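Let me begin by presenting the structure, written as structure tokens, before commenting on it.
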Amino acid sequence: MTAPPLDVRYFADTLPDADADLAFLLTEVAWDDRMRARRTASFGVPYNYSDQHYDPLDMPSRIAMIAARAAEYAGHSFNNCLANRYETGDNTMGFHKDSYEGLDPASAIAIVSLGATRHLVFRSIDRAYRTELALEHGSLLLMTHKTQRAWTHGVPRTASAGRRISLTFRCFEAGESAEPSM
């Protein structure tokens, strides 16, 4: 038995000024505290999930520039940004699959990481295979629909890790509501 295809691409040092991007996110974003494991913020077309609903909100120009940079690597634009703020290594995200409901099926989901390095762990749906990637400050990871069908992913607790913000970018099809079923 072989592992299912893990269709991801990782790029280190993709942002020209990752330190300034992180500083902007820490000081200029209004963070939502409804989730127990981390803080969130949503921009563009809302991505509503896990009973969390967000209003449409224009992307600030700095986030729009990061989305444009991610689009250069992905080969398509993004119209949603879900930001996740992990204050310490005790903040986590459990294993899950990102919904592609309403997304362009040919699009990738992009994750831009800022701050402390954290591991993104992938586990095959049958739990037979596991792999992980260290997401470093200023890096970009692209995941496709193929990955979401065959793998779950999560950010485990890392006691010694510091503050990290991830910006996840999605491309919703025109006129689609961002209301996935989980």
Side-chain angles (χ1 to χ4, degrees), residues 8-55 57-74 78-98 108-123 130-143 147-148 151-170 178:
V8 298
R9 292 181 286 155
Y10 179 79
F11 307 93
D13 298 320
T14 57
L15 301 178
D17 198 350
D19 291 339
D21 294 331
L22 178 60
F24 170 84
L25 294 165
L26 291 171
T27 60
E28 301 299 322
V29 169
W31 292 95
D32 186 315
D33 293 316
R34 291 179 288 170
M35 297 202 74
R36 183 175 52 89
R38 65 194 174 279
R39 301 171 81 190
T40 61
S42 178
F43 303 98
V45 175
Y47 177 60
N48 298 320
Y49 68 101
S50 296
D51 295 324
Q52 302 297 315
H53 297 273
Y54 300 93
D55 292 327
L57 184 64
D58 289 340
M59 284 188 204
S61 61
R62 186 157 213 116
I63 294 175
M65 287 188 294
I66 297 169
R69 182 77 171 147
E72 292 173 17
Y73 287 85
F78 296 99
N79 57 9
N80 164 267
C81 174
L82 178 68
N84 294 287
R85 181 172 172 165
Y86 303 83
E87 288 298 327
T88 71
D90 289 330
N91 297 117
T92 65
M93 182 178 296
F95 282 102
H96 67 284
K97 295 187 309 182
D98 293 341
I109 295 172
I111 302 173
V112 171
S113 294
L114 297 158
T117 297
R118 293 289 296 266
H119 286 89
L120 184 64
V121 178
F122 291 90
R123 184 174 67 191
R130 185 178 172 115
T131 190
E132 63 183 59
L133 292 169
L135 303 180
E136 299 170 324
H137 180 56
S139 68
L140 168 68
L141 178 75
L142 298 174
M143 299 186 296
T147 297
Q148 302 304 325
W151 296 84
T152 59
H153 59 279
V155 178
R157 181 170 282 107
T158 307
S160 61
R163 181 181 289 144
R164 171 182 178 257
I165 293 177
S166 71
L167 301 176
T168 58
F169 295 100
R170 292 169 178 79

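Residues take their numbers from the sequence shown, with the count starting at 1. Please read all numbers here as calculations on a predicted model, not as lab measurements.
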Test side-chain contact (heavy atoms from CB on, under 4.5 Å) on Leu114 and Arg164; report intermediate values, then the result.
CA-CA 6 Å; Leu114 297 158; Arg164 171 182 178 257; over 6 Å; no
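- In this structure a side-chain-to-backbone donor-acceptor pair under 3.5 Å is present from Asn80 to Val45.
- Of the possible polar contacts, none joining the Ser139 side chain to the Leu135 backbone as a donor-acceptor pair under 3.5 Å is found.
- For Asp58, the CG atom is loosely surrounded, since the number of other residues' heavy atoms within 6.0 Å does not exceed 12.
- The side-chain tip of Arg118 points at the ring of Tyr86 from less than 6.0 angstrom away and within 45° of straight on.
- Side chain of Trp31 to backbone of Leu26: no donor-acceptor contact under 3.5 angstrom is found.
- The two atoms that bring Ala37 and Asn91 nearest to each other are O-ND2, 3.0 Å, heavy atoms only.
- In this structure, Trp151 CH2 and Arg123 CZ are separated by 11.0 Å, a value rounded to the nearest 0.5 Å.
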Go through the steps to decide whether Asp32 and Arg39 satisfy the test salt bridge (charged side-chain N to carboxylate O under 4.0 Å, His left out), and finish with yes or no. CA-CA 6 Å; Asp32 186 315; Arg39 301 171 81 190; over 6 Å; no
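- Atom CD1 of Ile111 sits about 9.0 Å away from atom CG of Leu140, to the nearest 0.5 Å.
- Taking 4.0 Å as the cut-off between side-chain N and carboxylate O, Glu132 and Arg130 do not count as a salt-bridged pair.
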Decide yes or no on side-chain contact (heavy atoms from CB on, under 4.5 Å) for Ile165 and Leu22, but give the supporting numbers first.
-> CA-CA 8 Å; Ile165 293 177; Leu22 178 60; 4.0 Å; yes
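- The shortest distance between side-chain heavy atoms of Leu141 and Val8 falls below 4.5 Å.
- Taking all atoms of both residues into account, the shortest heavy-atom contact from His119 to Pro156 is O-CD, 3.4 Å.
- Contact record, Ala134 with Tyr10: O-OH, 3.3 Å, taken as the closest heavy-atom pair.
- Going from atom CZ of Arg85 over to atom CG of Leu167 covers 12.0 Å, rounded to the nearest 0.5 Å.
- Between Pro46 and Tyr54 the shortest heavy-atom distance is CB-O, 3.1 Å.
- Remark: Leu133 CG to Met143 CE distance equals 10.5 Å, nearest 0.5 Å.
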Under 3.5 Å, which donor-acceptor pairs link side chains of residues 12-19 to any protein atom two or more places apart or in another chain?
{"unit_1": "Thr14", "atom_1": "OG1", "unit_2": "Gly138", "atom_2": "O", "d": "2.9"}
{"unit_1": "Asp17", "atom_1": "OD1", "unit_2": "Ala20", "atom_2": "N", "d": "3.3"}
{"unit_1": "Asp19", "atom_1": "OD1", "unit_2": "His137", "atom_2": "NE2", "d": "2.7"}

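- Minimum heavy-atom separation, Ala108 to Phe78: O-CE2, 3.2 Å.
- Of all heavy-atom pairs between Phe95 and Phe122, the closest is CE2-C, 4.5 Å.
- Side-chain contact between Ile66 and Phe24 is absent, with no heavy atoms from C-beta onward closer than 4.5 Å.
- A donor-acceptor contact closer than 3.5 angstrom is absent between the side chains of Thr40 and Arg38.
- Using a distance-only test at 3.5 Å, with no hydrogens or angles considered, no donor-acceptor pair links the side chain of Thr92 to the main chain of Val155.
- No side-chain heavy atom of Leu82 sits under 4.5 Å from any side-chain heavy atom of Phe43.
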- Task: Begin with the C-alpha distance, continue with both residues' side-chain angles, and end with the deciding distance and a verdict on side-chain contact (heavy atoms from CB on, under 4.5 Å) for Ser113 and Glu136.
- Result: CA-CA 6 Å; Ser113 294; Glu136 299 170 324; over 6 Å; no
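- The closest donor-acceptor contact from the side chain of Gln148 to the backbone of Asp98 lies under 3.5 Å.
- Remark: side-chain polar atoms of Thr88 are paired, donor with acceptor, to backbone N or O of Asp90 under 3.5 angstrom.
- With sequence neighbours excluded, the residues that form a ring-ring contact (aromatic ring centres under 6.0 Å, His included) with Phe11 are Tyr73.
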